[in-house]
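To start, the structure under review is shown below, and the notes come after it.
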Amino acid sequence: MICRQCGTEIADKAIVCYRCGAATAEPARRPAPAASGGRWRLGLVMAAIMLAIIGVAVVALPRMPEGWPRVAGYAAVVLVTFGVVVTLARLRFRR
Ligand SMILES: [Zn+2]
């Protein structure tokens, strides 16, 4: 085949032109446009975890005695929720 860039005759199976280095064909694997399916799943996982935390909090917190144990319980819920969000955000922005 003929190189599109410089017109040199190159092997049909060549991936790049040996002379100018131009790619002979479109890249077979283009970067996926921001995998919307993955984001969907991540959002669902995040929602499920937060719902689970809130569910546990709704069930457990009213049974705690008034005062510090209950405050500690709310603080733990907030911290765990924050931790889940931060962790998922890190997973999302890796790569
Ligand atoms: Zn070339």
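Fair warning: this is a prediction, and the values are worked out from it, not measured in the lab. Indexing begins at 1, ligand by ligand and atom by atom, following the structure's order.
When the side chain to side chain contact (heavy atoms under 4.5 Å, CB included) test is applied to Tyr18, the partners found at least two apart in sequence or on another chain are Thr8, Ile10. For Ala22, the side chain to side chain contact (heavy atoms under 4.5 Å, CB included) test picks out Cys3, Gln5, Cys20, with sequence neighbours left out.
Protein N/O/S atoms found under 2.8 Å from the Zn ion (ligand 1): Cys3 SG, Cys6 SG, Cys17 SG, Cys20 SG.
Between Ala23 and Arg4, the shortest heavy-atom distance links the atoms O-NH2, 3.4 Å. Taking all atoms of both residues into account, the shortest heavy-atom contact from Met1 to Lys13 is CE-N, 4.4 Å.
Side-chain contact between Ile2 and Glu9 is present, with heavy atoms from C-beta onward closer than 4.5 Å.
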Less than 3.5 Å apart, which donor and acceptor atoms pair up between the side chains of residues 43-60 and the rest of the protein, not counting sequence neighbours?
none

